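A short worksheet on the structure shown next.
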Amino acid sequence: MNARLGRFRIEHALAAIALMMFAYRFANRDLLPFINDHGFLLSAAQSEIKHGTWALQSPIVGTQGLRYGPTPSWFYRVVQMLFGAKPEASILAITAALSISQITFAASLTRALRENKTFFALVAGFIASSPYQFIWSRGAWDNTLVEISISFIVAILIGSSPNRGWRPLAIGALLGIAVGAHLMVLSFVPVLIVFLASDISVSLKKRFSALAIVVVVAALINIPYAIALLRSHAHASAVESGPIIGRVFAELLQPARISGLHGMSYFFDDAWSDYQDWSGDVGQLFELFTFPLIVAVLSFAGLINGLRSATRSSRRIAALALSMAAAHACFLGARGLSLHPHYQYPAWWTVVVGLALFAAWLRASAPRLAKPFVLAFACLTAVQFAFIVSMNTYLRDRNGTNGEHYSAPLAEQERVIRSLCDAVPKQSRLVNATKTVFSSTLFYIAETDPACAGRRIKICDEPCDEKIFERATRLEFASDEGGALVLTPAGP
């Protein structure tokens, strides 16, 4: 009895720790990033509210020359109608939605594999320990809606009877939202159709009825976007060179990359070397726990062994994840896109499924190795989360970065805009000399912050027309390190 009670308490304590790791995403709100696309999206939503319209497409044009879909603008419009125009409200709405979707996915995977709360804690904790996921959860971006939608869809698919009841309607709505956010989700569509069509737990008639509901609902949501696409003229950017096989192989490794620490210099830009110097020996420890190739190999081993599992649910989950990993890698490889980490939103979950299946297979076939693997997995999770805490400590010490992928945080941008509004006449001009604090975010703050009510702030990126911008205020970084900002007089 005491042993059972002790195990019960340990399981719940571990689950609580995993949920607290997700809760950490809501901490340090003064360090929330607010960069280029964020400002455009929130401004578009605010414009829709003022004019009583709903967007047909995004204000942002992608690398393939097409505008993204309108569902992110719709999402932020609803958030602003409910909670106001403050950027923090929209960001925290994304934080909550992504965290809930990932917790739901972890819980669904645990149930599908008939595991306990300790297993849930390991899966959820591993997801929460990804620095990539941490940063993505704290930005008012459009692509994050793809990950939110896909996480919920997969949670439904790996549960019981995805073709029954309310589930096809929910899948169709979520798929429509994802397609309307970014077309990279198209690689998921054939995988989804095959998975639903191959569900032998229901009759053929019910399968095709469910598929019809999914397709119709997703299509209805994207009618405005489809009309806009038909009227557009795309001009795609140059693609990556090299053999397509090499590009596909590189893409296969990317879900493992975004689950851990590899390539985190992407978000630091030129400040990465400064962070390495600042973190010292601790930073070198983090470097030792950067091995995406090993994580990818173990994940694919788990997926392949999952196909041979004695339980039908494990086989279907493995087939779903393996087919999605292959389909998305081929899709991106064929398009020749650069290895940007956010292109993995539709497939991020495949590596988690693979590692979970590997742990289940190891416990069944080599139980003596299962415990060391779980301990190593927990250690990796702890180190990755420690990096997140270290990163936040550095960002607080430096007040952000002076690079484009994180830049000066939202609170710092709000501070300088409020200072400008308090000090200048009703009409004033701001010359943005930072290069990496984006005028789109500064403009949104100036338009919506109560401190700037009744004032008109014109913003231009340096170099500006000196005749127009004489007697302007100049915005620049306070030093070569960090994101602290200062205002100085500009012009004669």
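Please read these numbers as outputs of a predicted model, since none were measured by experiment.
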With heavy-atom distances below 4.5 Å as the criterion, would you say the side chains of F34 and E414 are in contact? no

Would you indicate whether F26, at its atom CZ, is surrounded by more than 12 heavy atoms from other residues, nucleotides or ligands within a distance under 6.0 Å? yes

Validation row: P190, S323 side chains within 4.5 angstrom (heavy atoms): no

Gap separating the OG atom of S187 from the CG atom of L192, nearest 0.5 angstrom: 11.0 Å

Q80 side chain to L42 main-chain N or O, any donor-acceptor pair under 3.5 Å? yes

Hey, does E404 have a side-chain heavy atom less than 4.5 Å from the side chain of I35? no

Main chain of N36, side chain of S440: is a donor-acceptor contact present, judged purely on distance under 3.5 Å? yes

Separation between OH of Y68 and OH of Y225, rounded to the nearest 0.5 Å: 8.5 Å

Kindly list each side-chain donor-acceptor pair under 3.5 angstrom involving residues 169-179, sequence neighbours excluded, with atom names and distances?
none

Can a donor-acceptor pair be found, under 3.5 Å and without considering hydrogens, that links the side chain of R167 to the backbone of P162? no

Does any donor atom in the side chain of Q133 or E147 lie under 3.5 Å from an acceptor atom in the other side chain? yes

Can you label the angle between the H405 ring and the Y266 ring as parallel, tilted or perpendicular, going by 30° and 60°? tilted

Give, for atom CD of E412 and atom CD1 of I417, the distance between the pair rounded to the nearest 0.5 Å. 11.0 Å

Applying side chain to side chain contact (heavy atoms under 4.5 Å, CB included), run through V154 and M324 and close with a yes or a no. CA-CA 11 Å; V154 174; M324 183 56 204; over 6 Å; no

Cut-off 3.5 Å, no hydrogens considered: what does the side-chain donor-acceptor table look like for residues 83-98, sequence neighbours left out?
| unit_1 | atom_1 | unit_2 | atom_2 | d |
| --- | --- | --- | --- | --- |
| E88 | OE2 | R29 | NH1 | 3.4 |
| T95 | OG1 | I91 | O | 3.0 |
| T95 | OG1 | S137 | O | 2.6 |

Without swapping roles, check the side chain of D37 against the backbone of W141 for a donor-acceptor pair under 3.5 Å. no

Can you tell me if F443 has over 12 outside heavy atoms packed within less than 6.0 Å of its CZ? no

Could you check whether any side-chain N or O of T71 sits under 3.5 Å from a backbone N or O of A181, counting only pairs where one atom can act as donor and the other as acceptor? yes

Any donor-acceptor pair under 3.5 Å from D199 side chain to S201 backbone: yes

Are L307 and R315 packed together at the side-chain level, in the sense that at least one heavy-atom pair is separated by less than 4.5 angstrom? no

Does some side-chain heavy atom of I388 sit less than 4.5 Å from a side-chain heavy atom of P131? yes

Is the closest side-chain donor-acceptor distance between T436 and N402 under 3.5 Å? no

Could you tell me if Q254 and R257 have a donor-acceptor pair between their side chains, going purely by distance under 3.5 Å? yes

Any donor-acceptor pair under 3.5 Å from R77 side chain to T53 backbone: yes

Distance-only donor-acceptor hits, side chain of residues 345-357, under 3.5 Å, sequence neighbours excluded:
| unit_1 | atom_1 | unit_2 | atom_2 | d |
| --- | --- | --- | --- | --- |
| W348 | NE1 | S151 | OG | 3.3 |
| W349 | NE1 | P346 | O | 2.8 |
| T350 | OG1 | A347 | O | 2.8 |

Donor-acceptor contact below 3.5 Å, side chain S149 vs main chain V146: no

Taking the ring centre of each residue, are F267 and Y132 less than 6.0 Å apart? yes

Assess, by modelled atom type and distance only, whether the side chains of E447 and S43 contain a donor and an acceptor separated by less than 3.5 Å. no

Atom pair CG/OG of N163 and S209 - distance to nearest 0.5 Å: 9.0 Å

Can any side-chain N or O of N143 pair as donor or acceptor with the backbone N or O of H182 at less than 3.5 Å? no

Given S108, which partner from the list L157, I317, I158 fulfils the side chain to side chain contact (heavy atoms under 4.5 Å, CB included) test? I158

Atom OG1 in T118, atom CD in E115: separation rounded to 0.5 Å? 9.5 Å

To the closest 0.5 Å, what do you measure between OH (Y24) and CZ (F134)? 5.5 Å

Should we say atom CZ of R308 is surrounded by more than 12 heavy atoms from elsewhere, each under 6.0 Å from it? no

A side-chain contact here means heavy atoms from C-beta on lying under 4.5 Å apart; do L31 and N392 qualify? yes

Do other residues, nucleotides or ligands put more than 12 heavy atoms under 6.0 Å from I245 CD1? no

Over 60° means perpendicular and under 30° means parallel, so classify the ring planes of W361 and F358, tilted if in between. tilted

What I want to find out is whether D449 reaches R415 closely enough, with some N-O distance under 4.0 Å, to be called a salt bridge. no

With a 4.5 Å cut-off on side-chain heavy atoms, are Q344 and E251 touching? yes

Side chains of L395 and N28: does their closest heavy-atom pair fall under 4.5 Å? no

Just by distance, do the side chain of T401 and the backbone of G483 share a donor-acceptor pair under 3.5 Å? no

